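Residue numbering restarts at 1 for every chain, and letters A, B, ... go by the order of the sequence lines. Note that this is a predicted model, so its numbers are computed, not measured.
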Amino acid sequence: MEIAKAYNPKEAEATHYQTWEANGCFAPEINENPLAEKYSIVIPPPNVTGSLHIGHALQHTLMDVLTRRKRMQGFRTLWLPGTDHAGISVQRKVVEQLRRDENKLPQDIGREEFISRAWKWKEEFGSTITEQMRREGASVDWSRERFTMDESLSKAVRFVFVTLYNEGWIYRGKRIVNWCPKDKTVISDLEVKEETRKDGKLVYLRYPVKDSDKQITVATTRPETMLGDTAVAVNADDERYKNLIGKTIFLPLTNREIPIIADEYVDAAFGTGAVKITPAHDPNDYEVGVRHNLEQLVIMNDDATMNANAGTEFEGLDRFKAREKVIEKFAELGLLEKIEDYEISLPICERCKNIIEPLLSEQWFCRMDEMRDLALDLMKTEGAPHFYPNVPNEKVYTNWLENLKDWTISRQLWWGHQIPAWYDADGQTFVARSFEEASEKAGTTELTQDADVLDTWFSSALWAFSTFGWTGEGEEEKRRRGERKSDSQIGNEQLTKDEEQRTKNDLETFLPTDVLVTGRDIIFLWVSRMVMLTEKFTGEKPFADVVVTGTVLGKDGKPMSKSRGNGVDPLEMFDKFGVDATRVYLASIATGADIKWNDSQIETFRNFANKIWNATRFCLLNSDGAKVDLASLKLDENASIADRWIVSRLNKTALQVNKSLDRYFFHEAVRLLYQFFWNDFCDWYIELVKDEITGDSLSLAHSPSSENNDAENINEGQRTKDKGQIQARSRILTILEQALRMLHPFMPYLTEELWQKLPNVSSDLHHEAYRDAKQTIMLADFPLGDTDLIDERAESEMQTVIDLISKVRNIRAEMNIKPSDKPAIHVAANAETQKIFAANEAQILKLARAEKLVLAETLGVPKASAKAVISNAEIAVPLEGLIDFEKEIARLENQVNKLETERQRLNGQLSNANFIERAPPEKVDEIRERVAGIETQTKTLKQNLEALI
RNA sequence: GCCGACUUAGCUCAGUGGUAGAGCAUCCGCUUCACACGCGGGAGGUCAGAAGUUCAAAUCUUCUAGUCGGCACCA
């Protein structure tokens, strides 16, 4: 078979994904077993405006690893893909497109046309990320792809909104909100970020008191808001101002008079002790205003320019221009006391980085108190969802819930789910799932729908169940919910009947999902809201577990960002190192840990991919007559140590890999597989059996046609040898094949490419749930590992052989013995250990590059020998004429010193009476044994040393 | 201000009570018939610092320092 010398990822990446998809491998329907347990994951829907970044690649890799393993283990597996309509982002793209191409504003074309343009934009550019996911190898079921604005998901949104409204969880009201003047919409607290500015100013303004020559000085960082002041507040106990309470102030730059009020919000010790109150532009002032029934004077437009309420001199000015002008005017009037430098933190719009303006505005809100309790109860009573890693995520989650405030759910955008509320001519509100329903309620069709849309996260919050077809419509849903609760009580008799329905009904089959894999940053925005709304509307948990991934930082250790230019494009990595290498690297990051991007690490896994390629290449180059055959791993009593050892290692690895993945320790699974494949399989097993499986033996050299003619010429011995060789070849192929299966979830392309090349692979190797499917490694049975096949004795015997070879290699290297020189190896050991070495003589001679192996009870070698000890044997390599005595002395001293340090440490423990008394006896014995072992070795080394001096 | 995480070899990182590890880099040797994206062999660490708990601490507790997050406040 022709096989290239190095792995070329591009070839494998080009073909297999299409084949898997075409053969329906990603859909749960591929599973032929009606009783199969389900395993489901919904993807955190990426924004349609997005393109794949390294965080997606990380999360998708983990989800794919989980999904692929479970699928291989015969679960009815669904990983559901989809995208989020990303309200503000798409709106901004379309606004930009409109401006650039037609020099128009959204108002110019109207809402309807704007929305149709947005859909067009989505159709045209919205599939970038889903295309990129194909490249990643993500085994998602594209037939179930969802979009948050699909009709069925939109129905769900309306149903939920109406229900929550009717139950009093959603209300409309005037509140101070975070207003983004750039996007001209309200945004939630979670979308506001803080930015500290050192160049802030604190401006002290003097307000003249009416009927008095007194002035009150107030300090502010936003002087322009004084135009909207409707009071000055002081603390009632403040002696300085006590007698001014109830008096009136002439508010400069306006012709308004405002009261001086007392409120406990004011801290007499802070600043001047007097606070200007602007109820329409500050949340605290708003509260004060409500308490004192103050006028709420809005002085800004939605683009943060001043409006008519600010006075003719200021109307139309930008807020920052107005600020300067207010200061100027106060200075002119002699009312500017001073300006101090002041470090200030500004609220910034997370997306557009503009400064947020707190603004009084009428919005829709979602009350969170009861929903918070739903979520908190789940955590308290069931520990659900379970976070991985648990620390610190669970605590962060619950702390946040405990301090939750109401959620502003309306947005002043056109792209999104328009709020299903209608107003009649009198301003009465009718909340309904459709215009028809609203008209019916209102008794008129003269209705106007609320212009706002819902926060994108509102529809995302339903993602765990709306994606499975839940729309909330009709009584059916409720009935099903009721049925489902009782199903579990009825028991197993109903199973078969239910199974039929299960395959038809995604909601019942796949909810709750098994795990959510997502980033820390959206635990609040998304995870918590899914928990609340899924529980509220389906009575189910959205997911059992939450895996919280860390942040992949740039090479400079800072979060990746366009402005820093430290981003890493996953697609570039795919091109440079291959998809598989990138995936394993991402999976090798400790769960939840932040990591600095590091090219050398990913190269490690590129090299690993190549190693796997070449190991397979080796097996294939020596595969004549052999085949993948699980029976070849059933070893009899005559089996070699190497075979027993590798089978044991394989099964131990499989057990540990499964255990690691069960607790989402992807990095541990990667490490186990890397070590098994490279160290155990390549470095030792291949080398140990190389002679046995390479080279044409006599009969194999014959072409099949001549074989019959020459059959009688082949003697029995040769026949046995051939048979043994073919068995050995099958065995190594089978071990390899098992390893490829375990590697598949991490490295799907490489493993499929190689697996298909192995002799005798077929769908017979599939898990029994996929016997009829076309042969692919992705449906092969993922090894669980068998404790009965773990052979500790073989492992320790093999270790003895490895130790011996390593020591001789060490001597060779330290003594500068040429590769072509083949010394003898003398070993002194007990009879049992001698047997082990004797059984592996050929391998020892080959791997240590030695000429002969002399086994005895005691060493009888010339003085000019290099020596070493291992736990149960003494080794000597006679080096007549080659030995450098000084070097040998140094080498032995080095070994003695190492042992001595260790011995002293252990003796320290043993001489501690408390240790002997309180430590577990096994532990004490273990230490004693080790000291004894060290002493024997040291004694031998010292004798050798003395002999040299 | 409150809460939390992190600090381990030159670099990037594993390691949750019992012999400090990996990859890369480095040093020495090797065209050994799968692989130089390789093979073999070395060197390199007071586990940030201090105190404590324990027979035993990188690991548990407290404090200190530095780094980074989250939340709150900000007249």
Is it the case that [X] places NZ or CZ above or below the six-membered ring of [Y], under 6.0 angstrom from the centre and within 45 degrees of the axis?
X         : Y         : answer
Lys659(A) : Phe665(A) : no
Lys201(A) : Tyr342(A) : no
Arg671(A) : Tyr674(A) : no

Applying a 4.0 Å non-hydrogen cut-off, can you work out what [X] is touching in the nucleic acid: base, sugar-phosphate, or nothing?
X         : result
Ala593(A) : sugar-phosphate
Ala590(A) : sugar-phosphate
Asn816(A) : nothing
Phe605(A) : nothing
Asn894(A) : sugar-phosphate
Ile277(A) : nothing
Lys5(A)   : sugar-phosphate
Ser345(A) : base
Val266(A) : base
Glu194(A) : base
Cys619(A) : nothing
Asn284(A) : sugar-phosphate
Arg905(A) : sugar-phosphate
Arg606(A) : base

Provide, to the nearest angstrom, the distance between the [atom1] atom belonging to [X] and the [atom2] atom belonging to [N].
X         : N       : atom1 : atom2 : result
Asn810(A) : rG29(B) : CG    : P     : 16 Å
Glu926(A) : rA56(B) : CD    : P     : 17 Å
Glu603(A) : rC13(B) : CD    : P     : 16 Å
Asp925(A) : rG18(B) : CG    : C1'   : 14 Å
Phe270(A) : rC73(B) : CZ    : P     : 14 Å
Ile602(A) : rC37(B) : CD1   : C1'   : 13 Å
Glu929(A) : rU19(B) : CD    : C1'   : 14 Å
Lys395(A) : rG69(B) : NZ    : P     : 20 Å

So does [X] get a side-chain nitrogen or oxygen closer than 4.0 Å to the phosphate oxygens (OP1/OP2) of [N]?
X         : N       : answer
His667(A) : rG15(B) : yes
Asn403(A) : rC2(B)  : no
Lys690(A) : rA34(B) : yes
Asn912(A) : rA56(B) : no
Trp678(A) : rC39(B) : yes
Lys611(A) : rC39(B) : yes
Asn399(A) : rG4(B)  : no

Task: Donor-acceptor pair (no angle test) under 3.5 Å: Glu687(A) side chain, rC39(B) base - done: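 Absent.
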Using the [atom1] atoms only, state how far [M] lies from [N], rounded to an integer number of Å.
N       : M       : atom1 : result
rC68(B) : rA22(B) : C1'   : 25 Å
rG17(B) : rC13(B) : P     : 24 Å
rA20(B) : rA36(B) : P     : 37 Å
rU7(B)  : rU59(B) : P     : 11 Å
rU8(B)  : rA14(B) : P     : 11 Å
rA58(B) : rA72(B) : P     : 39 Å
rG41(B) : rU54(B) : C1'   : 41 Å
rA5(B)  : rU16(B) : C1'   : 15 Å

Open item on the list: To the nearest 0.5 Å, what is the distance between CD1 on Ile348(A) and CG on Asn178(A)?
Closed with: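 So the CD1 of Ile348(A) and the CG of Asn178(A) are separated by 12.0 Å.
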Open item on the list: How long is the straight-line distance from CD1 of Ile612(A) back to CZ of Phe608(A), given to the nearest 0.5 Å?
Closed with: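 Rounded to the nearest 0.5 Å, the CZ-CD1 separation comes to 4.0 Å.
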- [ ] Using the closest heavy atom to pick a nucleotide of RNA chain B for each, name whichever of Ala6(A) or Val396(A) lands nearer the 5' end.
- [x]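 Taking each residue's closest nucleotide, the earlier one in sequence belongs to Ala6(A).
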TODO: Specify the residue among Val275(A) and Ile686(A) whose closest nucleotide of RNA chain B lies further upstream toward the 5′ end.
DONE: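 The answer here is Ile686(A).
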Open item on the list: Show me the dot-bracket string of RNA chain B, counting Watson-Crick or G-U pairs under 3.5 Å, with | for pairs to another strand and [ ] for crossing ones.
Closed with: ((((((((.[[[[.)..(..]]]].(((((.......))))).....[[[[[..)....]]]]])))))))....
Task: More than 12 heavy atoms of other groups within 6.0 Å of Lys193(A) NZ - done: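 Atom NZ in Lys193(A) is packed in, count exceeds 12.
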Task: Close aromatic pair by centroid cut-off 6.0 Å: Phe524(A) and Trp407(A) - done: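 They do not qualify: ring centres at least 6.0 Å apart.
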Open item on the list: Ring centroids only, cut at 6.0 angstrom: are Phe577(A) and Phe605(A) within range, meaning strictly under it?
Closed with: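 Not under 6.0 Å, so no.
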Task: Taking every non-hydrogen atom, the tightest pair across Thr278(A) and Asp229(A) - done: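 Minimum heavy-atom contact is OG1-OD1, 2.7 Å.
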- [ ] List the atom of Pro559(A), the atom of Asn566(A), and the distance in Å for their closest heavy-atom pair.
- [x]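 That closest heavy-atom pairing would be O-ND2, 3.2 Å.
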Close N/O contacts between protein and nucleotides 9-12 of chain B (under 3.5 Å):
{"residue": "rU12(B)", "atom": "OP1", "partner": "Lys596(A)", "partner atom": "NZ", "Å": "3.0"}
{"residue": "rU12(B)", "atom": "O4'", "partner": "Asn598(A)", "partner atom": "ND2", "Å": "2.8"}
{"residue": "rU12(B)", "atom": "O2'", "partner": "Asn598(A)", "partner atom": "ND2", "Å": "3.2"}

TODO: With the side chain of Glu902(A) defined as its heavy atoms from C-beta on, choose the nearest nucleotide among rG23(B), rG41(B), rU19(B).
DONE: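 Closest nucleotide among those given: rU19(B).
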TODO: Would you indicate which nucleotide in rG4(B), rC74(B), rC35(B) comes nearest to any side-chain atom of Pro392(A)?
DONE: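 Nearest to the side chain of Pro392(A) among the choices is rG4(B).
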Open item on the list: Any donor-acceptor pair under 3.5 Å linking the side-chain atoms of Asn607(A) with those of Glu603(A)?
Closed with: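 No, Asn607(A) and Glu603(A) have no side-chain donor paired with an acceptor closer than 3.5 Å.
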Task: Parallel, tilted or perpendicular: rings of Tyr207(A) and Phe330(A) (30°, 60°) - done: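 Because their plane-to-plane angle lies in the 30° to 60° range, the rings of Phe330(A) and Tyr207(A) count as tilted.
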- [ ] Would you mind telling me which of Thr230(A), Asn284(A), Val288(A) makes a side-chain contact (heavy atoms from CB on, under 4.5 Å) with Pro279(A)?
- [x]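 It is Thr230(A), the one option of Thr230(A), Asn284(A), Val288(A) that forms the side-chain contact (heavy atoms from CB on, under 4.5 Å) with Pro279(A).
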Task: Listed partners of Lys395(A) passing salt bridge (charged side-chain N to carboxylate O under 4.0 Å, His left out), at least two apart - done: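 Lys395(A): no salt bridge (charged side-chain N to carboxylate O under 4.0 Å, His left out) contacts found.
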